[in-house]
Number of protein chains: 2
Amino acid sequence: MTDSGLRRELQDLPRTDPAVDQLVEEIIGRVADKWTMLLIEILTERECCRFGELAKACTGISQKMLTQTLRAMERDGLVTRTVYPVVPPKVEYRLTELGLGLSKAFCGVWLWAEANFETIDRARQDYTARQEAGQV
Amino acid sequence: MTDSGLRRELQDLPRTDPAVDQLVEEIIGRVADKWTMLLIEILTERECCRFGELAKACTGISQKMLTQTLRAMERDGLVTRTVYPVVPPKVEYRLTELGLGLSKAFCGVWLWAEANFETIDRARQDYTARQEAGQV
DNA sequence: TCCCATACTCTCTTTTCGGTAAGTATAAAT
DNA sequence: ATTTATACTTACCGAAAAGAGAGTATGGGA
């Protein structure tokens, strides 16, 4: 209750509904996911993608995960899914305005990661070294 | 290769090392996690925290998860862990510069979530409605 | 007639996640 | 002597996530 109040204050957003806080946290949990972030990036670059293209671009993802993640994104209104009734099937995905907004928000995180990966790598090495020194 | 090039171009960062891309993606995967994001938020508000305080502020987290997440954050250089050699034990956590940078990057995502939770909620209802309509 | 392409969907198995609960260390207080 | 407080660590277990791989639908081409 107190912390929530503080957070609101910091962000100049006067709101205090705990249900809203919970929903917001749930959304963050849903959206702050490796595959979601990757897909959003890919869809930001080439704005319209078929399933197969996404599968290729999103290295390492399984078909199942791809379907699952895309469905969740569709449900949350981040992407549109257009089915062309042809054979073989053709389905196109593209970001919505909402998805584009999230893409921009994520941009900061990507930039942070790209700017700091060396620092993090060094921190990890230091940590491991300290661990090993402690073991002796 | 091609997509990676495009991404670089978009972000004005001329780099093409696939190992770096992989590391960056791994970092995103590590850091884009509910508890990490929550802890960073809490540590941004009250800048210095003991273990017990964090446990209280981070509603719903178990001791195990809290320890685990904090360790990972320490390893990545996001927080410092200061142990006071007293009994009973006292350990303080605080964000590093790196952690603070990530906090700022995350801020955009929080703001996006707070600004758009209603849209998302509606999108979900629409999706469910469409599903049910299709079932019939 | 048979096969191909595409975007799934389903099943089965493995892996990981995460919670509970108990144990540890130790000085100070009772 | 026993209890208390704190920040863990460890072991165990069930649930959930995720991977592998086969199956499905169907119009057009060989």
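For the numbers below, each heavy atom of this structure counts, side chains included, while hydrogens, waters and symmetry mates do not. Numbered from 1 within each chain, the chains take letters A, B, ... in sequence-line order.
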- Query: Tyr84(B) OH to dA5(D) C1': how many Å, rounded?
  - Reply: 18 Å

- Rounded interatomic separation in angstrom, taking NZ from Lys56(B) and C1' from dA5(D): 12 Å

- Message: From C-beta outward on Val91(B), which listed nucleotide comes closest to its side chain: dA7(C), dG27(D), dA7(D)?
- Response: dA7(D)

- 5'-most contact on DNA chain C: Gln68(B) or Gln63(A), nearest heavy atom basis? Gln63(A)

- Message: Measure CZ/Phe51(A) against C1'/dA7(C) and give the value in whole Å, please.
- Response: 6 Å

- Message: Without decimals, in angstroms, what is the distance between Leu66(A) CG and dC8(C) P?
- Response: 8 Å

- Message: Using heavy-atom distances to pick each residue's nearest nucleotide on DNA chain C, tell me which of Leu70(A) and Lys64(A) is more 5'.
- Response: Leu70(A)

- Message: Taking any heavy-atom pair under 4.0 Å as a contact, classify Tyr93(B): base, sugar-phosphate, or nothing.
- Response: sugar-phosphate

- Message: In this structure, how many angstroms lie between the P atom of dC8(C) and the CD atom of Glu74(A), rounded?
- Response: 9 Å

- Task: For Lys34(B) and dC17(C), give me the distance from atom NZ to atom P, rounded to whole Å.
- Result: 15 Å

- Message: Would the distance check show the side chain of Asp17(B) and the main-chain N or O of Ala19(B) forming a donor-acceptor pair, the cut-off being under 3.5 Å?
- Response: yes

- Of the listed dT26(D), dC8(C), dG18(C), the closest approach to the Met65(B) side chain comes from dG18(C)

- State whether Arg71(B) places a side-chain N or O below 4.0 Å from either non-bridging phosphate oxygen (OP1 or OP2) of dA7(D). no

- Message: Within the 4.5 Å heavy-atom criterion, are Leu95(B) and Glu47(B) side-chain neighbours or not?
- Response: no

- Query: How close or far is atom P of dG27(D) from atom NZ of Lys90(A), stated in whole angstroms?
  - Reply: 18 Å

- Residue pair Asp33(A)/Pro88(A) against DNA chain D: nearer the 5' end by closest nucleotide is Asp33(A)

- With respect to the phosphate group of dT6(D), does any side-chain polar atom (N or O) of Arg50(B) fall under 4.0 Å of OP1 or OP2? no

- Using atom CZ of Arg81(B) as one end and atom P of dA7(D) as the other, report the distance to the nearest whole Å. 10 Å

- Task: Measure from the side-chain N and O atoms of Thr67(B) to the backbone N and O of Gln63(B), and report whether any donor-acceptor pair falls under 3.5 Å.
- Result: yes

- From the options dA25(C), dA27(C), dC8(C), select the nucleotide whose nearest atom is closest to the side chain of Pro89(B). dA25(C)

- Taking the side chain as every heavy atom from C-beta outward, state whether Arg50(A) and Val91(A) have any pair of such atoms under 4.5 Å apart. no

- Message: More than 12 heavy atoms of other residues, nucleotides or ligands under 6.0 Å from CD of Gln22(A): yes or no?
- Response: no

